[in-house]
Structure formats: C-alpha cells, structure tokens
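The structure under discussion appears below in the form of structure tokens.
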Amino acid sequence: MPELPDVEVFRDVLEEHGLERRIETVHLPSDSVLEDVSKSTLRRRLKGHRLVSTRRHGKHLFAGIDGGGWLRFHFGMTGYLASWEGDEDGPEHAKLILDFPGGRHLGYVCVRRLGVIGIVDDAEAFVEEKGLGPDARDLDLDGLRQRLEGRSGSIKGTLMNQGVVAGLGNIYVDEILYQSGVDPRARADGLPDDAARSIHRTTGRVLERAIDGGVEDFPRAWLIRRREAGADCGRCEGTIEKTEVSGRSTYFCPRHQRK
DNA sequence: GCCTTTGTTTGATC
DNA sequence: AGATCAAACAAAGG
C-alpha cells in the first residue's frame, strides 16, 4: 500500500513527532528488518542523538541524524510510521521504537516484514546507488517523454518501475491511467504525445490531491473509490474491468482508456 | 484451506 | 547488454 503519497504522510508523522527530541531508548523487538546494519550499530548511532531533518525519494524515507548519517526506511507492502504517547505498548509488529522524553514514542511498524530499515551516510548517494529514477513529484514532461522512449513494455509496468520514475505503485498508476484515458496495456514508447502530456499533468494532480487529503477522503470521481470489476466507470458509460498487467491486478475502463 | 493482496528482488528469457 | 517478465517472498483476510 505505501506509495509516494503514503510515504509523504509518514514523513509528516516523522516531522511532527520525531524531530529535535533526544532519543532515550531504542527498541528493536525480535525479528529484525535491518539491512546492512546490525542491531548494536543502529542502537549506537541513534541512542542519545536527535533526528534533525527528513528527506523522501520515491517510496524511501530518510531521517537525518545529528551525529551524521541518515536513518533509512522502506515500507514494503504493509509498513507505516506511528507515534503515540504514554505507557501503552503501541501497535503490534513494531520493528523499531524510539522513546523520547515525556513519553512520546515513534514506531516503525511492519506486519509482513517486507520493509527495510538501514543507516546510510548520504541519502543522495543511496538514491544514486539504487538506480532510482526522479521522484514522481518532480518529474517534468520532457523528462517523462525521454524516460518512456525505447520502452517496449506496458505503460503501467514502466510507470511502476522505480528506476524509471520513483514513487508510483499499483494503485496510483491505475488511478493516473484511468484519469488520463490511457489503456494500461499500451506500449510505453508508442504513446501519442497528448497521452504523455495527460499522464504527466494527471500524475501531478493526483499526487498533490492525495497528499493534501492525507491519503484518505479521495474524490468520488476517482477510480480508487470503485476498484471493483463491474462497477460503473463514472467518467463514461463504460464498466470497470479487472485484469492483470505486469503481474499486478489492474482495474480500468476499456471504453475510455485507449491504446 | 486456497486465493488474493501489496513492492521488490531474483533469475530466466526475450 | 539491456529490458521485461514470472515467481518468490510474509502474513492476514476473504
């Protein structure tokens, strides 16, 4: 579930509850989601320090540590950040809990353990090494055109490829293509220019609106409100169909989404 | 109980 | 070589 807008909301949690407070205790319960860092190193790098800044690239979130380096989060399919106050245990399946003065806690929670936590020296360098494309929020039209060039796969698979554009996943790509009127199975490099233009414009609009709404209360006109085979399209007289594209369940309206 | 779901990595194939 | 695709992964809910 966590795609760019979700991670942006987690970033708000981090900004509001996790910054500029001394980390008193670092809890790393049982099965670890740590990558490239041991529990003891992570504890040493965080304990007694403060998180002082945040960065996001695509679905990756970073928290700058006052002693240098960045705490890195990836949320897999079911991860999220939570903050709470007091003596309660907090959510189940928390993999990392930071305790702050005054009883405030910040937790990284991941039920299915496909998320990852690590420490990196340099967030930029990490993005480079991973080979991530530009963040979907900053992508300009020419950049998008260039990145679709020579791609023989489906437009859906290409937009979900984090090396092409970072931040979009199954739900938002379906939404963008639905609102752009583009068939998810269309070849990425064969799109008419107005389709590329529409995808670009729609991507910006959809992401901003999703973030503004806190990733809830989506407009009624959105596909996300009717991801169900047989539902009325809502944009035209068509009917929503379910199929599989790039190995992912895909909802679209064959009537107004064209190749 | 099997199927579906989500994002990424992997190994194979084009 | 580089792109693309299917399968695997965990675990819960239908």
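Residue numbers start from 1 in every chain, and the chains themselves are labelled A, B, ... in the order their sequence lines are given, proteins ahead of strands.
- The CE-P distance, from A:M77 to B:dG7, rounds to 8 Å in whole Å.
- The NE2 atom of A:H105 sits 10.0 Å away from the CZ atom of A:F100 when rounded to the nearest 0.5 Å.
- For A:T78, no side-chain nitrogen or oxygen approaches OP1 or OP2 of B:dT6 to under 4.0 Å.
- Atom CD1 of residue A:I97 and atom CG of residue A:L28 lie 9.0 Å apart, to the nearest 0.5 angstrom.
- Side-chain proximity of A:V111 to the nucleotides B:dT4, C:dA12, C:dT4 is greatest for C:dA12.
- Distance from the side chain of A:R151 is smallest for C:dT4 among the nucleotides C:dA12, C:dT4, B:dT6.
- Straight-line distance from the CD atom of A:E149 to the P atom of C:dG2: 17 Å, rounded to whole Å.
- For the atom pair CD1 (A:I171) and CZ (A:R227), the distance works out to 3.5 Å, reported to the nearest 0.5 Å.
- Here A:R248 lies in heavy-atom contact (under 4.0 Å) with a base.
- Linking ILVMFWY residues whenever their side-chain heavy atoms come closer than 4.5 Å, directly or via other members, leaves A:F62 and A:L81 in distinct clusters.
- Within residues 157-170 of chain A, the residues approaching DNA chain B are A:Q162, A:G169, A:N170, by heavy-atom distance under 4.0 Å.
- Counting non-hydrogen atoms of other residues, nucleotides and ligands closer than 6.0 Å to CG of A:D140 gives a total above 12.
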Mind listing the N/O atom pairs, protein and nucleotides 9-14 of chain B, below 3.5 Å?
| from | atom 1 | to | atom 2 | distance (Å) |
| --- | --- | --- | --- | --- |
| B:dT9 | OP1 | A:K130 | NZ | 2.6 |

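- For A:R227, whose side chain is taken as the heavy atoms from C-beta onward, the closest listed nucleotide among B:dG7, B:dT6, C:dA11 is B:dT6.
- Distance CG (A:D36) to C1' (B:dT8): 15 Å, rounded to an integer number of Å.
- Between A:E244 atom CD and B:dT5 atom P the separation is 9 Å, expressed in whole Å.
- At most 12 non-hydrogen atoms from other residues, nucleotides or ligands lie less than 6.0 angstrom from CD of A:E92.
- By the neighbour-count criterion of 12 heavy atoms within 6.0 Å, atom CG of A:D121 is sparsely surrounded, having that number or fewer from other residues, nucleotides or ligands.
- The distance from atom CG of A:L148 to atom P of C:dT4 is 11 Å, rounded to the nearest whole Å.
- Considering only side-chain N and O atoms, A:H74 lies under 4.0 angstrom from the phosphate OP1 or OP2 of B:dT8.
- For A:K156 and B:dG7, the NZ to P distance is 9 Å, given to the nearest whole Å.
- Whole-Å rounding puts the A:K59 NZ to B:dT8 P distance at 4 Å.
- One finds no side-chain N or O of A:S154 lying less than 4.0 angstrom from the OP1 or OP2 phosphate oxygen of C:dT4.
- Hydrophobic clustering keeps A:L42 apart from A:V116 (ILVMFWY residues linked when any side-chain heavy atoms are closer than 4.5 Å, directly or through intermediates).
- Within a 6.0 Å radius of CD in A:E24, more than 12 heavy atoms belonging to other residues, nucleotides or ligands are found.
- Looking at the side chain of A:S249, the nearest of the listed nucleotides C:dA11, B:dT4, B:dT6 is B:dT6.
- Under the side chain to side chain contact (heavy atoms under 4.5 Å, CB included) rule, A:F252 has a single partner from A:V182, A:L223, A:L177, A:T243, which is A:T243.
- Atom-to-atom, CD of A:E228 to C1' of B:dT4 comes out at 15 Å; the value is rounded to the nearest Å.
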